[in-house]
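Okay, structure first, notes after.
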Number of protein chains: 2
Amino acid sequence: MFAAPQPDIETLEPCGAPHHEDCGLRLTLDRLGEKWTVMAIAELSAGPRRYREIERALAGVTQRMLTLTLRRLERDGLVHRHVEPTNPPSVTYSLSRTGVDFARLTAGLVNWSRQ
Amino acid sequence: MFAAPQPDIETLEPCGAPHHEDCGLRLTLDRLGEKWTVMAIAELSAGPRRYREIERALAGVTQRMLTLTLRRLERDGLVHRHVEPTNPPSVTYSLSRTGVDFARLTAGLVNWSRQ
DNA sequence: CCGTATCCCAAGTGATACTG
DNA sequence: CAGTATCACTTGGGATACGG
């Protein structure tokens, strides 16, 4: 994952404490709480996408938020960003191995949320 | 679950749009993003707990945030709140059926976050 | 097409004090 | 014991405009 190792669920308690805010679980949860992350991952789980394609798929997202979301995902190793230096430029995003795992995880959330 | 039905992952896109903010997935994700929710659920997954016990388990939580968290979980049907009208009062929280399901789901998140 | 740069507001959270 | 009531702060996110 993208951060430090973490105890199991029986000793989960201190994870929210000030001195534990950088733990892996917290990073995961914070990410899930971000407004556009899961939808971006879902869209990319269907295959590589260009910036504009993702923008269209995520109805209502602003360019600012989409860029922020994708950059964070890239920083954390969940997506790859490939730039084709044409004019105008062409940028393609795709899931990394970790990103695919994450997508599987969130698919479980999606299903659970339906019933 | 605690809200409206939802399309599957292939048609997930509009879920973040203004007119879809009340969908089940969004509610689930927002809840996961809340700071103390998952830890409270984890603590309760080990058995019923009194207010003070949860407070001690969630190192760093304020009374305000703990109450807010538990009230939201109760409102959404994930935990039960049982008041024993003694003096001083004794209040016990426990997971509902749905809460147990939710705990299982988050356990997956915990494991994934560890590596 | 693919972004950056500002400005601004509302929500989530924390600190602290008080109470039946 | 199990909360409420305020206040103050920080951050995420939206609106808008501009740029290579």
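From a predicted model like this one, the values you see are computed outputs, not experimental measurements. In what follows, every chain begins at residue 1, and chains take the letters A, B, ... in the order their sequences are listed.
Within the 4.5 Å cutoff, the side chain of A:L70 has no heavy atoms near those of the A:R81 side chain.
Of the side-chain N and O atoms in A:R71, one or more sit less than 4.0 angstrom from OP1 or OP2 of C:dT4. In this model, the phosphate group of C:dG3 is approached by a side-chain N or O of A:Y93 to a distance below 4.0 Å at OP1 or OP2. One finds no side-chain N or O of A:R50 lying less than 4.0 angstrom from the OP1 or OP2 phosphate oxygen of C:dG3. Between A:R72 and the phosphate of D:dG13, there is a side-chain N or O to OP1/OP2 separation shorter than 4.0 Å. Residue B:R52 places no side-chain N or O under 4.0 Å from the OP1 or OP2 atom of D:dA2.
Whole-Å rounding puts the A:M65 CE to C:dG3 C1' distance at 15 Å.
Minimum heavy-atom separation, A:A40 to A:L73: CB-CD1, 4.3 Å.
When heavy atoms are screened at a 4.0 angstrom cut-off, B:E55 is found touching no nucleic acid atom at all. B:R64 comes within 4.0 angstrom of a nucleotide base, judged by non-hydrogen atoms across all strands.
Between the side chain of B:T92 and the main chain of B:R49, no donor-acceptor pair closer than 3.5 Å is present.
Ion pairing between a basic and an acidic side chain is recognised when a charged N comes within 4.0 Å of a carboxylate O; A:R50 and A:E53 show no such pairing.
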